[in-house]
Amino acid sequence: MSDLSARFVGLGPNDKAMFLARVAHMATIAARESYATSVDHPERDYDHPDAIILRDANNFIHRVVGYIMHVLDGTEMAGQDESVMIMIEDHYRERNLGDLLTEWLATSD
């Protein structure tokens with residue numbers, strides 16, 4: 001189990017939900033990468049998003065928000081915290097945002 005997973009597992013439901021809400025919120029910001037840019041028009045093209053990036057972002061956010069519901073109603077299954085954290089850590093590491101997870105968990109204690 002990673003240090004981040006261990007710290008997450010040790011949180012109470014409200015702190016877990018706040019951490020997950022931060023993860024989902026930042027993921028919506030990162031999903032803006034799906035809006036294509038071009039050399040001629042370097043601004044984001046909100047009319048023609050990259051479907052693959054947008055789909056992947058939506059799936060990630062869906063899983064995180066869905067887990068918030070399990071945390072708040074106490075229906076998490078054994079080992080599910082660690083599984084969710086592995087998914088989150090991988091997602092954030094791929095986007096060079098891993099330091100945010102450490103910061104958010106540090107403020108959740």
Side-chain angles (χ1 to χ4, degrees):
M1 178 181 299
S2 75
D3 180 56
L4 291 176
S5 291
R7 292 172 70 189
F8 180 75
V9 168
L11 297 176
N14 287 338
D15 287 332
K16 283 182 184 179
M18 179 58 75
F19 172 79
L20 293 167
R22 287 176 171 152
V23 165
H25 180 259
M26 181 56 71
T28 66
I29 293 168
R32 293 175 183 163
E33 294 175 14
S34 70
Y35 300 116
T37 60
S38 69
V39 174
D40 297 330
H41 301 285
E43 67 278 355
R44 296 285 185 196
D45 183 354
Y46 292 96
D47 294 326
H48 302 96
D50 181 311
I52 294 170
I53 294 171
L54 194 56
R55 179 202 63 210
D56 292 346
N58 185 51
N59 286 337
F60 176 77
I61 294 164
H62 173 80
R63 291 182 68 193
V64 172
V65 171
Y67 197 59
I68 292 172
M69 292 185 287
H70 288 292
V71 166
L72 291 175
D73 72 7
T75 59
E76 308 108 307
M77 295 184 292
Q80 198 170 6
D81 279 352
E82 185 176 2
S83 174
V84 167
M85 280 303 296
I86 289 169
M87 175 197 67
I88 291 170
E89 287 180 67
D90 289 346
H91 184 86
Y92 270 63
R93 193 176 308 112
E94 289 170 6
R95 287 151 186 82
N96 296 316
L97 298 171
D99 290 346
L100 289 174
L101 300 177
T102 302
E103 178 184 327
W104 293 335
L105 284 169
T107 60
S108 296
D109 296 332

For residues Met85 and Phe19, determine if any side-chain heavy atom of one lies less than 4.5 Å from a side-chain heavy atom of the other. yes

ILVMFWY network linking Leu11 to Leu100, side-chain heavy atoms under 4.5 angstrom: yes

Return the minimal non-hydrogen interatomic distance between Ala24 and Val64, and the atom names on each side. CB-CG1, 4.0 Å

How long is the gap from NE2 on His25 to CH2 on Trp104, to the nearest 0.5 Å? 9.0 Å

Measuring from atom CG of Asp56 to atom CD of Glu94, what distance do you get when rounded to the nearest 0.5 angstrom? 9.5 Å

I need the Met26 CE to Leu101 CG distance, nearest 0.5 Å. 10.0 Å

Consider only side-chain N and O atoms of Asp99 and Tyr92, and report whether a donor and an acceptor are under 3.5 Å apart. no

The reported gap from CZ in Arg63 to CG in Leu20 (rounded to nearest 0.5 angstrom) is 12.0 Å

Is there a donor-acceptor contact under 3.5 Å from the side chain of Gln80 to the main chain of Met77? yes

Measure across Ala17 and Leu72 and return the closest heavy-atom pair with its distance rounded to 0.1 Å. CB-CD2, 3.7 Å

Return yes if a side-chain donor-acceptor contact under 3.5 Å exists between Glu82 and Ser2, otherwise no. no

Same cluster for Met18 and Val65 if Ile/Leu/Val/Met/Phe/Trp/Tyr side chains link at under 4.5 Å? no

Closest heavy-atom contact between Thr75 and His70? OG1-ND1, 2.7 Å

Can you tell me how far CG of Asn59 sits from CE of Met87, rounded to the nearest 0.5 angstrom? 10.5 Å

With no hydrogens and no angle check, is any side-chain donor or acceptor of Arg95 less than 3.5 Å from a backbone partner on His91? yes

Heavy-atom side-chain contact between Asn14 and Val71 under 4.5 Å: no

So which atom in Ile61 and which in Ala27 form the shortest heavy-atom distance, rounded to 0.1 Å? CG1-CB, 3.6 Å

Would you check if Tyr67 and Asp81 make a side-chain contact, meaning some heavy-atom pair closer than 4.5 Å? yes

Are Ile68 and Val23 grouped together when hydrophobic residues (ILVMFWY) are joined by side-chain heavy atoms under 4.5 angstrom apart? yes

Can you confirm whether more than 12 heavy atoms, excluding those of Ile52, are under 6.0 Å from its CD1 atom? no

Quick check for you: to the nearest 0.5 Å, what is the distance between Arg7 atom CZ and Leu105 atom CG? 5.5 Å

